[in-house]
There are 2 protein chains.
Amino acid sequence: MSPARGTRVLGTAEDRREDVLSTAIGAFAARGYFGTTTVEVAKAAGISQAYLYRLFPDKEALFAAVVGRCFDRIRESFAAGAAAATGSSPEAVLWAMGGAYAELIRDEHLLMVQMHAQCAAVSVSEVRRAVQQGYARLVEYARSVSGGTDEQLQEFFARGALCTEVVTMGAHAIDAPWARTLNTGLRH
Amino acid sequence: MSPARGTRVLGTAEDRREDVLSTAIGAFAARGYFGTTTVEVAKAAGISQAYLYRLFPDKEALFAAVVGRCFDRIRESFAAGAAAATGSSPEAVLWAMGGAYAELIRDEHLLMVQMHAQCAAVSVSEVRRAVQQGYARLVEYARSVSGGTDEQLQEFFARGALCTEVVTMGAHAIDAPWARTLNTGLRH
DNA sequence: GACATGTGAGTAGTCAACCACACTATTGCG
DNA sequence: CGCAATAGTGTGGTTGACTACTCACATGTC
């Protein structure tokens, strides 16, 4: 039965948590863990700050959960890329995963949260744990699905790291020799 | 003539600014632009917060200056490495510069400010300008002194980016397959 | 006397976290 | 079925601590 007009409709807390995790990526993207207020996150999710604090114990846990969510998305994109790879050599699979990742980060918010997570990892223990665990899963997944060597995997993630740096500093939109050097062959 | 005992000795404002730029690297390292207070920076430099604001117009200019200082140090380390290179091939020179850089970041503070600068670059215009300019100089310097190709230079900076990520998340101290994969051959 | 170096004591505003309370759904029971 | 008790969803308003930035004033230097 559909609810009467004008009355409030309640969802489940779990639904709301999902909403928050999705919208908070956009909220944290610009100024990261320290520079983003919990009010901004709540507003982005369309809930009150008070309720945000009922969904997550504190700001640290909230951000760590958002970071975990970002890693999940990346892992999913790896899987999609690997599934669509033309060929089964490590090179072909890694190349396809890189392409899927490049597609994923067309929305730059995710990339920036990734960067901010690295920064917060320095001094926020729960975030550091999330980043380490996220990377661990990413590396092992990439290894298992591609069968690449340590060197190939390292190169793969090094290019990802460079890509992140280039985009956060805005070099991908600059037309100068130094920027072209960094951008060469990068599919952001 | 040495000043009388117990009286205050004044330096020049320029000296103080230098002090601040050096000590502020340590202050900003842990929590970055948004997470570090100007009081902390002043305390690290041994001056009052009020005087800090006479030396720098605002927090943004202060942090941008600190970032510029970090890039200067990196450039110096590149020069030292290049000077000590055994051989003049691009590979040899880049390898030597990488080694000097690895030596420089034995003090992890510099590396972390570098990371935080990337993050702040997303939303703080003056910092973004400092990062772009710093990278531009770094890339062009590395190119001119090594004579490397775009591909070689890109690989060089990609490994630097990976190194930064690994250290900020603490993976260089972890003994697990995924961490070893990322660390392979990295001289942090 | 003129100017530079340097500080204590603010101010107006912001932030994370909390609490009392209102509203909605579900369940138990006669 | 009726209806009260219970549990879950959601918010306005507050608080105490903190933050970037300022100003009047003191001290040292030429």
Side-chain angles (χ1 to χ4, degrees), chain A residues 1-21 23-24 27-28 30-67 116 120 123-127, chain B residues 1-21 23-24 27-28 30-67 116 120 123-127:
Chain A
M1 188 81 80
S2 68
R5 210 191 301 261
T7 61
R8 209 161 38 143
V9 181
L10 300 181
T12 70
E14 202 47 54
D15 287 344
R16 287 303 187 201
R17 246 186 291 265
E18 284 303 303
D19 291 351
V20 171
L21 288 185
T23 57
F28 277 117
R31 301 158 66 95
Y33 176 70
F34 294 109
T36 307
T37 71
T38 54
V39 183
E40 288 168 358
V41 175
K43 192 171 294 181
I47 62 173
S48 68
Q49 186 204 23
Y51 193 42
L52 181 65
Y53 270 88
R54 190 166 309 184
L55 296 176
F56 298 90
D58 53 24
K59 194 185 180 186
E60 185 169 343
L62 165 64
F63 188 68
V66 170
V67 171
H116 287 300
S123 59
V124 187
S125 59
E126 218 168 323
V127 176
Chain B
M1 184 88 78
S2 68
R5 208 193 303 261
T7 60
R8 211 165 32 146
V9 182
L10 299 182
T12 70
E14 201 47 54
D15 286 344
R16 286 303 187 202
R17 246 185 292 264
E18 284 302 303
D19 291 352
V20 171
L21 289 185
T23 57
F28 278 117
R31 300 158 66 94
Y33 176 70
F34 294 109
T36 307
T37 71
T38 55
V39 183
E40 288 168 359
V41 174
K43 191 170 292 180
I47 63 173
S48 68
Q49 186 202 24
Y51 193 41
L52 181 66
Y53 271 87
R54 191 168 306 189
L55 296 176
F56 298 89
D58 54 23
K59 193 185 181 185
E60 185 169 343
L62 164 65
F63 188 68
V66 170
V67 171
H116 288 299
S123 59
V124 187
S125 58
E126 218 168 323
V127 175

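To find a chain, count down the sequence lines: A is the first, B the second, and so on, and within it residues start at 1. The basis for the numbers below is simple: all heavy atoms, side chains too, and nothing from hydrogens, waters or symmetry mates.
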Please name all residues satisfying side chain to side chain contact (heavy atoms under 4.5 Å, CB included) with [X], sequence neighbours left out, ordered by chain then number.
X: B/Gln49; result: B/Thr38, B/Val39, B/Ala42, B/Tyr53
X: A/Arg54; result: A/Tyr51
X: A/Glu40; result: A/Thr36, A/Thr37
X: A/Asp19; result: A/Arg16

Atom [atom1] of [X] and atom [atom2] of [N]: how far apart are they, to the nearest Å?
X: A/Phe56; N: C/dA16; atom1: CZ; atom2: C1'; value: 16 Å
X: A/Lys59; N: D/dA17; atom1: NZ; atom2: P; value: 19 Å
X: A/Arg31; N: D/dA20; atom1: CZ; atom2: P; value: 12 Å
X: A/Phe28; N: C/dA16; atom1: CZ; atom2: C1'; value: 12 Å
X: B/Phe34; N: D/dC18; atom1: CZ; atom2: C1'; value: 17 Å
X: B/Leu55; N: C/dA4; atom1: CG; atom2: P; value: 14 Å
X: B/Glu60; N: D/dT19; atom1: CD; atom2: P; value: 19 Å

A/Ser123 side chain vs B/Ala30 backbone, donor-acceptor pair below 3.5 Å: yes
Residues in salt bridge (Lys or Arg N to Asp or Glu O under 4.0 Å) contact with A/Glu18, at least two apart in sequence or another chain: A/Arg69
Any B/Arg16 side-chain N or O less than 4.0 Å from OP1/OP2 of C/dG6: yes
Shortest side-chain distance from A/Tyr53, nucleotide among D/dT9, D/dC21, C/dA17: C/dA17
Residue whose closest nucleotide on DNA chain C lies nearer the 5' end, A/Gly35 versus B/Glu14: B/Glu14
Which residue lies more 5' along DNA chain C, comparing A/Arg54 with A/Tyr33 via nearest heavy atoms: A/Tyr33
Within residues 42-52 of chain B, residues whose heavy atoms come under 4.0 Å of DNA chain D: B/Gln49, B/Ala50
Minimum-distance pair of heavy atoms, taken over all atoms of B/Val127 and B/Ala120: CG1-CB, 3.9 Å
Closest approach of B/Arg17 to B/Leu55 (non-hydrogen atoms, all atoms of both residues): NH1-O, 2.8 Å
With B/Tyr33 via ring-ring contact (aromatic ring centres under 6.0 Å, His included) - residues at least two apart: B/Phe63
Five-pair end axes of the helix from C/dG1-D/dC30 to C/dG30-D/dC1 and the angle they enclose, rounded to 10°: 10°
